[in-house]
Amino acid sequence: MLRYVGRRLLQTIPVFFGATFLLFAMVYLMPGDPVAALGGDRGLSPEVEARIRADYNLDKPFWMQYLLYMKGVFTLDFGNTFSGRPVIDVMASAFPVTIKLAILALLIEALFGITLGVIAGIKRGGFFDSSVLVLSLVVISVPTFVIGFVMQFIFGIKLGWVPPTVGPNVSFHSLILPAIVLGAQSLAYVLRLTRQSISEHVTADYVRTARAKGLTGGLVMRRHVLRNSLIPVVTFLGGDLGGLMGGAIITEGIFNINGVGGTLWQSILKGEPSTVVSFTTVLVLVYILANLIVDLLYAVIDPRIRYD
């Protein structure tokens, strides 16, 4: 196991450098000049513009900018925003909120998606199966902002079960509704993926053999069907964690959450490349770590998988 983890960690090195280089290139080589945009219509004086470019290493060649940025990544020095605030302080205020929101959304979609998918897979062709398939298709088809506004109006304003907005005081209770909205479409995909996988395995020959040997239905389901069926679901959930964190722009905007999505969007509008690249670099690390954990979970779920 340790040898496998070591090999996987070594494999992530070129992935990390390749992804960060592409992100850095796409942001810093984009058309437009963020420094010139700071001056607006009046513009900046040549002295001020030269000083800003020197402070943010924008007067250096592209390859030198990338090397200096990577040096800052490994020393946890992500530079400053154009307003002078350290980027790491911006990240420290934004990431904890979005991490809580994303993990809560992941737990909701895993719990309800797998549970409903298992029931639908066992009762394939029945009323429950047809109902959840139609409902999941509706959720997938409806845009996230529509789901968000509807649920905010019904459960937050009309019924008053949860706060309609989050604001600066983030609590578990206030994050429930945005977490449901954020994970709604992924929940529908998990449900359909689980249902399809369960329905395929529940009629397999090894399941009939296990039942012929006298094993109870619950034991067959836990030991055999679930273990074989959950591998694609776990793969999806592992990759979805980074997607939830990076794709929370709409949800955070609807519920007034000061997280990664809103901060990243504002940084793009303001033309702050250091903030955009730093945030996306952390998201790359989240993706890499999530995929490594998923690979290790395979051996826990399916005993036939062994890492030597």
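- In the hydrophobic cluster analysis, where Ile, Leu, Val, Met, Phe, Trp and Tyr join through side-chain heavy atoms closer than 4.5 angstrom, Tyr287 is grouped apart from Met26.
- Put simply, the side chain of Phe127 reaches to within 4.5 Å of the side chain of Ser131, judged on heavy atoms.
- Within the 4.5 Å cutoff, side-chain heavy atoms of Arg195 are placed close to those of Asp129.
- In terms of hydrophobic clustering, with Ile, Leu, Val, Met, Phe, Trp and Tyr side chains grouped at heavy-atom distances under 4.5 Å, Leu22 and Leu285 are assigned to different clusters.
- Contact annotation: the side chain of Arg192 approaches that of Ile140 to within less than 4.5 Å [non-hydrogen atoms, C-beta and beyond].
- Between Ile147 and Ala184, the shortest heavy-atom contact is CD1-CB, 4.5 Å.
- Two residues are said to be in side-chain contact when any heavy atoms from C-beta on lie closer than 4.5 Å; Thr251 and Thr144 meet this criterion.
- Closest heavy-atom contact between Thr194 and Ile114: CG2-O, 3.8 Å.
- Counting heavy atoms from C-beta on, the side chains of Thr81 and Ser274 never come closer than 4.5 Å.
- Taken from CG in Leu104 to CD in Glu109, the straight-line distance is 10.5 Å, to the nearest 0.5 Å.
- More than 12 heavy atoms of other residues, nucleotides or ligands lie within 6.0 Å of CZ in Phe16, so this atom counts as buried by the packing criterion.
- Checked options Ile293, Ile13, Val15; the residue passing with Ile288 is Val15 (criterion: side-chain contact (heavy atoms from CB on, under 4.5 Å)).
- Residues Val190 and Met245 share a hydrophobic cluster, clusters being chains of Ile/Leu/Val/Met/Phe/Trp/Tyr side chains in contact below 4.5 Å.
- Here the side chains of Lys71 and Leu67 are not in contact, with every heavy-atom distance at 4.5 Å or above.
- Summarising the geometry of Ser267 relative to Val276, their closest heavy-atom pair is CB-CG2, 3.8 Å, with the distance given to 0.1 Å.
- Between Phe62 and Phe21, the ring-plane angle classifies as perpendicular under the 30° and 60° cut-offs.
- Atom CD1 of residue Ile250 and atom CZ of residue Phe255 lie 12.0 Å apart, to the nearest 0.5 angstrom.
- To the nearest 0.5 Å, atoms CD1 (Ile180) and CG (Leu175) are separated by 11.0 Å.
- Counting heavy atoms from C-beta on, the side chains of Ile254 and Pro178 never come closer than 4.5 Å.
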Walk me through it: do Leu283 and Phe95 pass the test side-chain contact (heavy atoms from CB on, under 4.5 Å)? CA-CA 10 Å; Leu283 292 177; Phe95 267 98; 4.2 Å; yes

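- Counting only N and O atoms by type, the side chains of Tyr66 and Thr20 include a donor and acceptor under 3.5 Å apart.
- Checked by atom type and distance alone, the side chain of Gln152 never pairs as donor or acceptor with a backbone atom of Ile157 at under 3.5 Å.
- Distance check, rounded to the nearest 0.5 Å: CZ of Arg124 to OG of Ser130 gives 10.5 Å.
- Heavy-atom minimum distance, Val277 versus Thr281: O-OG1, 2.7 Å.
- A centroid separation of 6.0 Å or more is found between the aromatic rings of Phe74 and Tyr69.
- Through direct or indirect side-chain contacts shorter than 4.5 Å among Ile, Leu, Val, Met, Phe, Trp and Tyr, Leu133 is connected to no other residue.
- Minimum heavy-atom separation, His173 to Trp161: NE2-O, 3.2 Å.
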Decide side-chain contact (heavy atoms from CB on, under 4.5 Å) for Val166 and Asn256; before the verdict, give the C-alpha distance in whole Å, the side-chain angles of both, and the deciding distance to 0.1 Å. CA-CA 6 Å; Val166 176; Asn256 191 28; 5.8 Å; no

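- Atom CD1 of residue Ile103 and atom OG1 of residue Thr98 lie 11.0 Å apart, to the nearest 0.5 angstrom.
- Surrounding CZ of Phe78 are more than 12 heavy atoms belonging to other residues, nucleotides or ligands, all under 6.0 Å away.
- In this structure, Ile198 and Ile122 have side chains that are in contact, with non-hydrogen atoms separated by less than 4.5 Å.
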Scan the side chains in residues 84-94 for donor-acceptor partners under 3.5 Å anywhere in the protein, sequence neighbours excluded, and list what turns up.
{"residue": "Ser93", "atom": "OG", "partner": "Asp89", "partner atom": "O", "Å": "3.4"}
{"residue": "Ser93", "atom": "OG", "partner": "Val90", "partner atom": "O", "Å": "2.9"}

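- Taking CG from Leu111 and CG from Leu116, the interatomic distance works out to 9.0 Å, rounded to the nearest 0.5 Å.
- Cluster membership check: Phe17 shares its hydrophobic cluster with Phe279, using side-chain heavy-atom separations under 4.5 Å among Ile, Leu, Val, Met, Phe, Trp and Tyr.
- Note on Leu137 and Val139: separate hydrophobic clusters, where clusters join Ile, Leu, Val, Met, Phe, Trp and Tyr whose side-chain heavy atoms are under 4.5 Å apart, directly or indirectly.
- Contact between Val142 and Gln185 at its shortest, heavy atoms only, is O-NE2, 3.0 Å.
- Formation of a donor-acceptor pair under 3.5 Å by the Glu252 side chain with backbone atoms of Asn258 is not found in this model.
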